[in-house]
Amino acid sequence: MKPFTYARAGDVAEALRAGAAPGAKYIGGGTNLVDLMRETIEQPTALVDVTGLSSDIKRLRGGGLLIGAAVRNTELATHREVRTQSPVLSRAVVAGASGQIRNMATVGGNMLQRTRCAYFYDAGGSRCNKRNPGQGCDAIEGFNRTHAILGASSACVATHPSDMCVALAALDAVVHLDGPGGARKVPLTELHRLPGDHPEVETVLDRSELITAVELPPLPWARRSTYRKVRDRASYAFALVSVAAALDVRGGEVRNVRIALGGVAHKPWRAHEAETALIGGPATTRAFRAAAEAELMAAKPLHDNGFKIELATRTITAVLSELAGGTR
Amino acid sequence: MYAKSGAIRINGTPVPPPDDPRVSLLDLLRETLGLHGTKKGCNQGGCGACTVLVDDERIVSCLALAVQYTGRDVVTIDALAGEDGLHPLQQAFIEHDGFQCGYCTPGQICSAIGMAGELERGVPSHVTSDLSAKRIELTDDELRERMSGNLCRCGAHNGIVSAIAQTHRAGQLSPRSSTKARRAAR
């Protein structure tokens, strides 16, 4: 690990001042960043600890919740209102990592964690455009069973590893940022970028911008929502495919629906095609399957991950059927 | 803004944070303080061998920069036994053959104690069916899911599960279940 200085920010203004220094990086729980620094993939010269900043979950007027960026993952999953109003979020958080890591990891850090693509991690032996822009990508012709099927580019086929973000994408969450240019809000679905020609640029954040909170707008019908994660073992593994969904069915008709996918793209993948296909139509398994197929039309499989197309289609269908079953 | 302030309380003793912020909590314990009970397995958060309790919550100390833990109360396996003998969970590991080589054991034990606290606070898990339940039973599925961050490569998982289950049933799965730990955590 390269040497760095460490300082703890007492408030956002302090964090932004320290974060503006060249080579500075914010640190939350450190569960991904410390590992990346050990591998010399990340080499910050200064760490600004932001775990002392906003760690409350506040109820907003008109419904909805404002979740501080320093809230720990365990705390988020346990929060009474999250569990009852947005079960998909609670379920997504506890589907990720281990009990120990969820106690450390913050909400802000979870959003900014980096891909677990093995070629990205292999700093000594593999080419990676994300790690060394312009170098080439060894995953595209390599062992790519876990890689992206949607929105990838010829420069990068890595996936975003977060479970929490998939639920946030489905819930229309809005990320609150603060930076030298002032505060602004970005929908979670627009926080992360697709790889294009610059997979090293993973989010729309400016260099020293800081995530201060994430807002869940009121979505009363998201009480009927869930998260399903398909992985190689029953626990403590990243998703091959995951589905976050909320469904509002009245009289056998889909009034509203939100679907997001994990494990399939460089960002949490909001399934707009499937949503559009479903709204106003019948809440039947057949319709769910057709909508899932419509979403996956754009999928481009690599050598080893073609199975993800059918897996994602079936998982979407199963999750929506489960949610619809509960309404009758 | 401050670089570091105060000490880290480790098993009841205040310890100054390291001068070099690269030092992990795990390395501080083992290399600086000579507390070799906590083990270094993968050193990347994958195996749980380095699990310790911070303010009664379990974390992996390998991914923790020690400087981030000033003002916190760290309890390691070294402080769980009391003058009156082993912590009940340590005893149960012996009785249930909860280990073979023993390398993962300190992490397993600290993790199980932290897990019991999470259960008491109503923290849900991946296999909790009713998220609105006030009380979550520690079924076999719950126990295995909640302990999935601790690997045992000898394959003693069945003994580990029964040792934890028995100690939990007896109401002794808390960090305060031995005198020395009670004093350490005050």
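Protein chains get the first letters and strands the later ones, always in sequence-line order, with residue 1 at the start of each.
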Residue part contacting chain B, namely of Ala234(A), when any heavy atom lies under 4.5 Å: backbone

How close do Phe4(A) and Leu65(B) get, counting heavy atoms only, and between which atoms? CZ-CD1, 4.1 Å

Region of Arg80(A) that comes under 4.5 Å of a non-hydrogen atom in chain B: side chain

Just wondering, do Ser148(B) and Arg233(A) contact through their side chains at under 4.5 Å, heavy atoms? no

Gln100(A) side chain to Ser61(B) main-chain N or O, any donor-acceptor pair under 3.5 Å? no

Examine whether an atom of Ser235(A) lies under 4.5 Å from a heavy atom of chain B, and if so say whether it belongs to the side chain, the backbone or both; otherwise answer neither. both

Can you name the nearest heavy-atom pair linking Leu131(B) to Ser90(A), along with the distance? CD1-CB, 4.0 Å

With respect to chain B, which residue among Val94(A), Thr31(A), Thr51(A) yields the maximal number of heavy-atom pairs within a distance under 4.5 Å? Val94(A)

Arg38(A) side chain to Asn43(B) main-chain N or O, any donor-acceptor pair under 3.5 Å? yes

Output the distance between atom CZ (Arg72(A)) and atom CD (Glu57(B)), rounded to the nearest 0.5 Å. 8.5 Å

Side chains of Pro124(B) and Arg83(A), heavy atoms from C-beta outward: is any pair under 4.5 Å? yes

Can you find a heavy atom in the side chain of Thr70(B) that is under 4.5 Å from one in the side chain of Arg8(A)? yes

Can you tell me how far the NE2 atom of His126(B) sits from the OH atom of Tyr236(A), to the nearest 0.5 Å? 15.0 Å

Chain B contact via Lys229(A) - which portion, at a heavy-atom distance below 4.5 Å: neither

When rounded to the nearest 0.5 Å, the distance separating CG of Asp56(B) from CG of Asn103(A) is 11.5 Å

Heavy-atom pair count under 4.5 Å with chain B, highest-scoring of Thr74(A), Val34(A), Thr84(A): Val34(A)

Please classify the contact of Glu118(B) with chain A as side chain, backbone, both or neither, using a heavy-atom distance under 4.5 Å. side chain

Evaluate the side-chain proximity of Arg22(B) to Leu47(A): yes if any heavy-atom separation is below 4.5 Å, no if none is. no

Would you call Val123(B) and Arg102(A) a side-chain contact if the rule is heavy atoms closer than 4.5 Å? no

Which portion of Ser125(B) sits near chain A, non-hydrogen atoms under 4.5 angstrom: backbone

Pair count under 4.5 Å, heavy atoms only, with chain A: among Gln68(B), Arg146(B), Gln44(B), highest is Gln68(B)

Is the number of heavy atoms from other residues, nucleotides or ligands under 6.0 Å of Lys25(A) NZ greater than 12? no

Assert top hit (heavy-atom pairs under 4.5 Å, partner chain A, pool Gly114(B), Cys62(B), Ser24(B), Gly48(B)) equals Cys62(B)

Quick one: does Met104(A)'s side chain get under 4.5 Å of Val54(B)'s, heavy atoms only? no

Smallest heavy-atom separation, Thr128(B) atom then Arg91(A) atom, equals O-NH1, 2.8 Å

